[in-house]
Amino acid sequence: MIRAFFLSLGDLADPAIIRVFVKSVLLTLVAFLAIGAGLWFATRWLVIDQLGWDETAGNLAAISGFLAMLLFGWVLFRAIAVAVVWLFGDEIVIAVERRHYPAALASAHHVPVTRSLALGLRSAARALLVNVILAPAYVVLLVTGFGTPLLFYAANGWLLGADLGEMVAARHLSHAEMKQWARDTRWARWDMGVIVAALLSVPFVNLIAPILGAAMATHQFHGRRR
């Protein structure tokens, strides 16, 4: 895991990965702002047009909804960012394989953009669902001072490890091989996912964390195969 992490840090200077970083950050921020704007106008429509409240109440409700989204943003941003990285995932994996594993790159399967998009949306939906279910536990564990981040990292590390690992494995394994690989690597992928989940909670670092995670997953996958 340490080897994969430091190799991935070096890969961030690759021009292909820099291009993916710029595209993914812009798309993630646009998606985040679009959701915020949609929530704002939807709240005003509900409160003013449907419930008949006045303009001030509508604005206060919209502000409250937007603030609630920001408070829950650490989950929302994680879901959006990973879904976006799924969209460009092949570019990251190819850049890492070209640099470190050229033989594996030559034998890799092409993953259609439609499948990458579908898997990315599934990843985002699963992340939101799991974290919404765990939200009451997050609140209860706040009294411990450390229970909430531990549960968050454990749950999201499991999800991220599965998603990022599958992003790489789908290019090299058959469906039957994927099942065996998933069983054999579940704990190693969880370790990696916890690291990425922790990085996603650090301001500014969270912008590069999904791409770093995809590169780590690539090194982890090929390192085990070797």
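Quick note: residue numbers are just sequence positions, from 1. Only a predicted model underlies this, so the values are computations on that prediction, with no experimental measurement involved.
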Go through the steps for N131 and F152 under the test side-chain contact (heavy atoms from CB on, under 4.5 Å), then give the verdict. CA-CA 8 Å; N131 283 283; F152 174 79; 3.7 Å; yes

Taking all atoms of both residues into account, what is the closest heavy-atom pair of [X] and [Y], and its distance?
{"X": "V196", "Y": "G213", "result": "CG2-CA, 3.6 Å"}
{"X": "S8", "Y": "L212", "result": "CB-CD1, 3.4 Å"}
{"X": "A137", "Y": "L151", "result": "CB-CD2, 3.7 Å"}

Whether the side chain of [X] engages the backbone of [Y] through a donor-acceptor N/O pair (distance < 3.5 Å, no angle test) should be reported.
{"X": "S174", "Y": "E177", "answer": "yes"}
{"X": "T148", "Y": "Y138", "answer": "yes"}
{"X": "D14", "Y": "L12", "answer": "no"}

Determine, step by step, whether L173 and F221 satisfy the side-chain contact (heavy atoms from CB on, under 4.5 Å) criterion, reporting the C-alpha distance in whole Å, the side-chain angles of both residues, the deciding distance to 0.1 Å, and the verdict. CA-CA 11 Å; L173 303 178; F221 177 82; 3.9 Å; yes

Give the intermediate values and the outcome of side-chain contact (heavy atoms from CB on, under 4.5 Å) for residues L160 and I195. CA-CA 10 Å; L160 283 165; I195 293 173; over 6 Å; no

Quick one: do the H219 and E97 side chains pair a donor with an acceptor below 3.5 Å?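 Result is no, nothing qualifies.
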
With no hydrogens and no angle check, just 3.5 Å: does a side-chain donor-acceptor pair link S201 and Y153?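 Per modelled atom types, S201 and Y153 side chains form a pair under 3.5 Å.
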
Take R19 and E91 through the side-chain contact (heavy atoms from CB on, under 4.5 Å) test and state the conclusion after the steps. CA-CA 9 Å; R19 287 194 294 271; E91 296 180 49; 5.7 Å; no

Do [X] and [Y] sit in the same hydrophobic cluster, where Ile, Leu, Val, Met, Phe, Trp and Tyr count as joined when their side-chain heavy atoms come under 4.5 Å apart?
{"X": "I94", "Y": "V96", "answer": "no"}
{"X": "L105", "Y": "I17", "answer": "no"}
{"X": "V139", "Y": "L150", "answer": "no"}
{"X": "V30", "Y": "F204", "answer": "no"}
{"X": "I211", "Y": "L26", "answer": "yes"}

Taking atom NZ of K23 as the centre, does the number of heavy atoms from other residues, nucleotides or ligands within less than 6.0 Å exceed 12?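 Result for NZ/K23: enclosed.
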
Does CH2 in W190 sit with more than 12 non-hydrogen atoms of other residues, nucleotides or ligands closer than 6.0 Å?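 No, CH2 of W190 has 12 or fewer neighbouring heavy atoms, counting only those of other groups under 6.0 Å.
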
Positive for side chain to side chain contact (heavy atoms under 4.5 Å, CB included) with L207, one of V25, L199, L200, V202: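 That would be V25.
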
Any ion pair linking R126 and D163 (charged N to carboxylate O, less than 4.0 Å)?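 So D163 pairs with R126 through a salt bridge.
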
Rounded distance (nearest 0.5 Å) linking atom CG of L7 with atom CD of Q220: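 Result: 12.5 Å between the selected atoms.
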
Ring-face cation of R189 near W181 (centre distance under 6.0 Å, axis angle within 45°):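 So R189 does make the cation-pi contact.
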
